[in-house]
S.K.: 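Here's a structure for you.
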Amino acid sequence: MKARTIQLLQFTGMFWAIPFVRLFSGEEILVQLRQIWTSIGLPVMAIAGFLLTWHLVAQRVNTSLGRLPGPMEVTQQAQVLWQEHLTERAKANDFYARQDARIAKIKAANPNAKPRRVAFTGKPTYLDQILTSLKTVFVGFIFASILALPIGIICGANKNIMTALNPIIQVLKPVSPLAWLPIVTMVVSAVYTTNNGLVPKSFIISAVTVAMCSLWATLINTAVGVASVNKDYLNVAQVLQLSARQRTFKVILPATLPMIFTGLRITLGVGWMVLIAAEMMAQNPGLGKFIWDEFQNGSSTSIARIMVAVLTIGMIGYALDRLMAALQQKVSFA
Amino acid sequence: MLQLKNIYKSFGEGRQRTEVLNNINLNIQEGEFVAIVGYSGSGKTTLVKLLAGLQQADKGEVLYKGQAIKGPGHERGMVFQNYSLLPWLSVAQNIDLGVAQVFPKWSKAQREAHVMRYISMVNLSHAAHKAPAELSGGMRQRVAVARALSMEPEVLLMDEPLSALDALTRGNLQQEILKIWNENRRTALLITNDVDEGILMADRIIPLNPGPSATLGPAFAIDIERPRDKTQLNHIPEYKRLRNDVITYLLDTGADAKRQKELEVNRELPDVKPVMPRSGFSLALR
């Protein structure tokens with residue numbers, strides 16, 4: 001049980017929780033307490049110091065929207081956003097309840113009637129926006145992987161193709177999402193004309209932009225990984241006389257998986273970073289649009305709300321990275 | 001059965017060019033166990049790679065039953081120096097990978113039985129479903145041996161299979177490989193840096209003179225009755241004489257090569273891997 005828990009914590013990267021497990025299972029108390037102090041006490045101290053500095057400095061900065069918000073105001077706005085989410089959900093529930101009641105009444109009067117159901121059209125709440133952002137980055141990540149993995153494998157397998165494509169990759173790699181966005185917008189608008197409301201155009205534009213900016217890490221890592229497969233493994237493949245297909249799927253790809261996952265991890269990180277800018281410009285209703293709207297809104301609480309968004313972005317980014325790190329660990333062989 | 005005729009092999013070009021093998025002639029009879037012993041870096045691995053078909057000679061012929069060797073083949077099994085197991089496959093899967101190639105028509109159950117038979121032959125039945133990373137060096141090399149044997153090759157090529165192991169494990173594995181070899185006496189070529197190992201296992205031991213431009217020294221026939229017992233060897237005068245002869249020969253040529261090397265400055269070493277972690281050939285008295 002204990003070993004299992006510790007293994008799970010190690011796998012998810014929550015190393016700080018391990019001493020607690022050991023402490024409660026009655027291992028040497030002093031050692032565990034010292035562990036807890038170094039793994040939790042120190043970071044907590046640093047965070048407290050950071051909040052204090054933020055609090056003190058923020059008080060001295062006056063913006064056109066009032067004093068720069070400190071940690072207190074930001075916490076308060078986080079609660080407000082949560083409340084807004086709850087009220088909006090309550091409104092939606094009320095709306096559907098009323099609609100259901102109305103339909104029931106119509107049906108009671110005339111069983112053959114086919115009353116129209118309408119979806120609630122309230123504004124998206126902060127949590128909806130987070131969800132949209134996650135969906136967008138996920139779709140962008142899938143696009144990036146679909147493009148980068150095969151090209152990376154081909155580049156890694158054939159030196160000439162790598163040499164041929166290398167300049168293109170190197171030139172396109174450092175381009176900012178803000179530069180891609182107008183082009184992507186025009187292209188998507190021209191190609192994706194069947195706007196049936198299933199997938200909003202802004203969503204696709206954001207996702208494609210994310211893919212354009214983030215696919216390079218996966219591509220390069222895959223290519224380098226495939227090109228640098230341990231010579232011993234290739235010798236084995238030769239001596240066992242594996243076919244080209246078997247060599248690819250039984251030797252080269254498994255050997256490259258750790259490198260590929262490192263690439264995918266970077267891709268997801270870059271994608272999440274780029275997403276906010278893409279959403280701001282494309283008006284995709286995610287966290288980027290939230291920040292942009294608050295900025296345009298310019299109320300006295302706007303900056304605090306933007307800071308909530310900043311912290312949210314950071315924490316989600318961290319969580320995504322941990323997730324990918326755990327996957328990466330899973331596919332790595334000793 | 002296996003023949004090397006006037007083999008030359010070099011790596012690199014122009015100034016970087018290093019002659020590794022120089023006019024190598026070798027003839028291995030069917031059912032014969034030949035050991036080639038030499039300093040690390042003398043081109044032993046290159047030699048065995050030529051026979052395995054992993055590399056091609058610049059000049060000369062590599063023949064198997066009179067036919068030129070163009071690439072690797074199932075009839076020549078190979079045990080690598082650093083095990084070369086695929087770390088993402090279990091022991092059984094590693095072996096099955098080769099078995100499936102050699103016997104493509106077999107059913108899964110047939111293959112599994114075959115694989116398990118060879119795993120038990122190297123005494124690893126308890127570890128059949130473990131990953132190579134969970135095994136010790138000696139166990140890994142057993143897997144590598146089982147993988148090579150399971151493909152039922154006619155020739156077994158072993159490239160310093162035991163040089164990375166500690167002395168005890170090494171002794172055990174020597175006996176085991178000998179025991180398995182004794183059962184059907186396939187043709188075998190053992191590359192080693194350990195004279196004792198060569199004498200214990202082979203019918204014929206041939207020193208490879210230190211590279212660059214390595215040539216084969218004179219063959220020493222080993223007329224010691226099989227099965228040979230490692231612990232008894234030391235009492236056999238023939239063994240002592242052979243051991244002395246081979247070591248003296250190697251030391252003499254080694255000194256010559258060193259003298260020659262001192263004359264040539266900045267000579268690049270050939271592109272062969274050093275033996276880890278015990279490099280150099282062993283004179284340790286055991």
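To find a chain, count down the sequence lines: A is the first, B the second, and so on, and within it residues start at 1. Fair warning: this is a prediction, and the values are worked out from it, not measured in the lab.
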S.K.: Check whether more than 12 heavy atoms from other residues, nucleotides or ligands sit under 6.0 Å from atom CZ of A/Arg322, and answer yes or no.
M.R.: yes

S.K.: Residue by residue, scan residues 143-153 of chain B and write down, ordered by number, those that have a heavy-atom distance under 4.5 Å to chain A; if none do, write 'none'.
M.R.: B/Arg147, B/Met151

S.K.: So, taking the atom named CG in A/Asn235 and the one named NZ in B/Lys49, what distance separates them when rounded to the nearest 0.5 Å?
M.R.: 5.0 Å

S.K.: Kindly say whether B/Leu54 contributes a backbone atom to a donor-acceptor pair with the side chain of A/Gln238 at under 3.5 angstrom?
M.R.: no

S.K.: Does B/Gln93 CD have over 12 foreign heavy atoms under 6.0 Å away?
M.R.: yes

S.K.: Would you please test B/Val102 and A/Gln241 for side-chain contact (heavy atoms from CB on, under 4.5 Å) and show each step?
M.R.: CA-CA 9 Å; B/Val102 184; A/Gln241 294 198 292; over 6 Å; no

S.K.: I'd like to know whether CD of B/Glu183 has more than 12 heavy-atom contacts from other residues, nucleotides or ligands below 6.0 angstrom.
M.R.: yes

S.K.: Within residues 247-268 of chain A, which positions have a heavy-atom distance to chain B below 4.5 Å?
M.R.: A/Lys250, A/Val251, A/Pro254, A/Ala255

S.K.: Count the heavy-atom pairs under 4.5 Å between each of A/Val331, A/Leu240, A/Leu242 and chain B, then report the option with the highest count.
M.R.: A/Leu240

S.K.: Answer yes or no: does atom OH of B/Tyr8 have more than 12 heavy-atom neighbours from other residues, nucleotides or ligands under 6.0 Å?
M.R.: yes

S.K.: Test side-chain contact (heavy atoms from CB on, under 4.5 Å) on B/Phe80 and A/Val239; report intermediate values, then the result.
M.R.: CA-CA 10 Å; B/Phe80 293 92; A/Val239 166; 3.7 Å; yes

